[in-house]
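Everything below concerns the one structure shown next.
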Amino acid sequence: MVRKWTPPDPDQAGNYEWNARDIKEYGGEYWLMASGYFGLYERCYGMLSIPTMFETVVSEPKLAAELLEKITDYKIGVAKNFLRMKLDTGHVGDDLGTQNGPFVPPKVFHELLLPQYKRLFNVYKEAGWLMSMHSCGCITKFLPELIEAGLNVLEPVQPCMDLPLIKKNYGKDLTFWGGIDTQQLLPFGSPEDVRREAGATIRLLGKGGGHIIAPSQEVMKDVPLANIVALLE
């Protein structure tokens with residue numbers, strides 16, 4: 001079925017009308033990102049299921065590579081459409097990490113995923129755009145290769161990544177988006193806790209530039225309104 005599958009047409013009329021509306025309304029005032037969530041790896045397991053994807057990676061790596069290449073070809077087609085618009089950065093989204101480390105084995109990352117990320121990143125980089133990437137979890141081990149591939153902005157940055165370490169080692173290459181804990185601090189801390197930790201995070205990740213202050217994930221319904229106000233303040 002993988003070999004019979006044909007990706008959608010990235011040039012289909014009407015695909016990007018909402019982008020044009022957003023650019024008209026917000027362009028020039030806000031930093032606009034060409035959204036790429038549910039990217040390459042996530043699209044792959046979304047089609048196959050996570051167990052089947054990993055079984056395929058082990059038993060038929062060439063077939064897994066073929067599927068990833070097809071998905072990337074589609075994403076590249078989308079990227080070329082974005083390049084004709086007045087946006088500020090390219091983007092891809094794949095959750096590659098758990099709280100303790102990578103979700104995918106290094107071999108899978110290096111041999112299957114990284115070559116496809118490079119292909120997609122290159123489309124934006126050759127046009128002179130910045131490149132941003134979303135990944136949940138601790139993907140610190142993958143940062144050197146992603147930086148080499150052209151990554152500029154990492155979104156989100158979670159405290160499990162060891163914020164002082166990544167600022168020290170990769171702060172000259174990356175802008176860190178996030179940093180404010182959404183698992184303990186925002187839902188269970190006091191407004192004073194939030195102000196103190198937000199200030200400390202800004203001073204750490206923002207030293208010399210390179211930080212977009214934000215929660216490390218979406219703000220869920222268990223976060224008190226007073227803590228949201230404290231973070232904004």
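When a residue number appears, it is its place in the shown sequence, counting from 1. Worth knowing before you read on, the calculation uses all heavy atoms, side chains too, and leaves out hydrogens, waters and symmetry mates.
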Donor + acceptor pair across side chains of D95, Y41 (<3.5 Å): no

Distance-minimising heavy-atom pair for R119 and I76: NH2-CD1, 3.6 Å

Donor-acceptor pair between N81 and D11 side chains, under 3.5 angstrom: yes

Reported OG-to-CH2 distance for the pair S216 and W177, which is rounded to 0.5 angstrom: 13.5 Å

Interatomic distance, L165 atom CG to N169 atom CG [nearest 0.5 angstrom]: 4.5 Å

Close side-chain approach of P51 and Y45, heavy atoms under 4.5 Å: no

Rounded distance (nearest 0.5 Å) linking atom CD of E55 with atom CD1 of I50: 12.0 Å

Y124 ring center within less than 6.0 Å of H91 ring center: no

Non-hydrogen atoms of G179 and P159 that approach each other most closely: O-CG, 3.9 Å

Test item: K75 side-chain N/O and L120 main-chain N/O as donor-acceptor pair under 3.5 Å: no

Beyond-backbone contact of E155 with M133, side-chain heavy atoms, under 4.5 angstrom: no

Reported NZ-to-NZ distance for the pair K167 and K207, which is rounded to 0.5 angstrom: 9.0 Å

Working for side-chain contact (heavy atoms from CB on, under 4.5 Å), residues T140 and I166: CA-CA 7 Å; T140 307; I166 62 172; 4.0 Å; yes

Nearest heavy-atom neighbours spanning P10 and G77: CB-C, 3.7 Å

Close side-chain approach of T201 and H211, heavy atoms under 4.5 Å: yes

Side-chain heavy atoms of D22 within contact of L32, under 4.5 Å: no

side-chain contact (heavy atoms from CB on, under 4.5 Å) assessment of T72 paired with Y117: CA-CA 8 Å; T72 306; Y117 289 137; over 6 Å; no

Y26 OH: over 12 foreign heavy atoms closer than 6.0 Å: no

Side-chain donor or acceptor of K70 paired with backbone N/O of R3 under 3.5 Å: yes

Distance (rounded to the nearest 0.5 Å) between I180 CD1 and Q158 CD: 12.5 Å

Residues Y170, F176; criterion ring pair (Phe, Tyr, Trp, His ring centres under 6.0 Å); working and verdict: CA-CA 9 Å; Y170 309 113; F176 301 112; 7.9 Å; no

Transitive ILVMFWY side-chain link L40 to M131, under 4.5 Å: yes

S132 backbone acceptor or donor facing N152 side chain under 3.5 Å: no

P105 and V108, any side-chain heavy atoms less than 4.5 Å apart: yes

Single-linkage hydrophobic cluster M33~L154, side-chain heavy atoms < 4.5 angstrom: no

Verify same cluster id: Y37, Y16 (apolar side-chain graph, 4.5 Å): no

Side-chain donor or acceptor of T56 paired with backbone N/O of A64 under 3.5 Å: no

Donor-acceptor contact present, side-chain N227 to main-chain V223, <3.5 Å: no

T182 side chain to P215 backbone, donor-acceptor under 3.5 Å: no

Evaluation steps, side-chain contact (heavy atoms from CB on, under 4.5 Å), between H134 and V92: CA-CA 6 Å; H134 166 90; V92 65; over 6 Å; no

Non-hydrogen atoms of L68 and C44 that approach each other most closely: CD2-CB, 4.1 Å

A198 to L231 - nearest heavy-atom pair and separation: CB-CD1, 4.0 Å

Verify same cluster id: V123, L114 (apolar side-chain graph, 4.5 Å): yes

Donor-acceptor pair, side chain of D94 and main chain of E42, under 3.5 angstrom: yes

Contact check, side chains of I71 and M47, non-hydrogen atoms, under 4.5 Å: yes

Heavy-atom side-chain contact between P156 and Q217 under 4.5 Å: yes

Non-hydrogen atoms of D193 and R196 that approach each other most closely: OD1-NH2, 2.9 Å

Side-chain heavy-atom pair L96, P102 within 4.5 angstrom cut-off: no

Within 6.0 Å of CD in E148, more than 12 heavy atoms from elsewhere: no

Cluster overlap L225 with L232, hydrophobic side-chain contacts below 4.5 Å: no

Residues which pass side-chain hydrogen bond (donor to acceptor under 3.5 Å, both in side chains) with E197, listed by chain and number, not counting sequence neighbours: none

Within 6.0 angstrom of F38 CZ, more than 12 heavy atoms from elsewhere: yes

Side-chain donor or acceptor of K125 paired with backbone N/O of G150 under 3.5 Å: yes

Derivation and outcome, side-chain contact (heavy atoms from CB on, under 4.5 Å), residues L174 and L151: CA-CA 7 Å; L174 290 178; L151 184 63; 3.9 Å; yes

Value rounded to 0.5 Å, distance of CZ in F103 from OG1 in T98: 8.5 Å

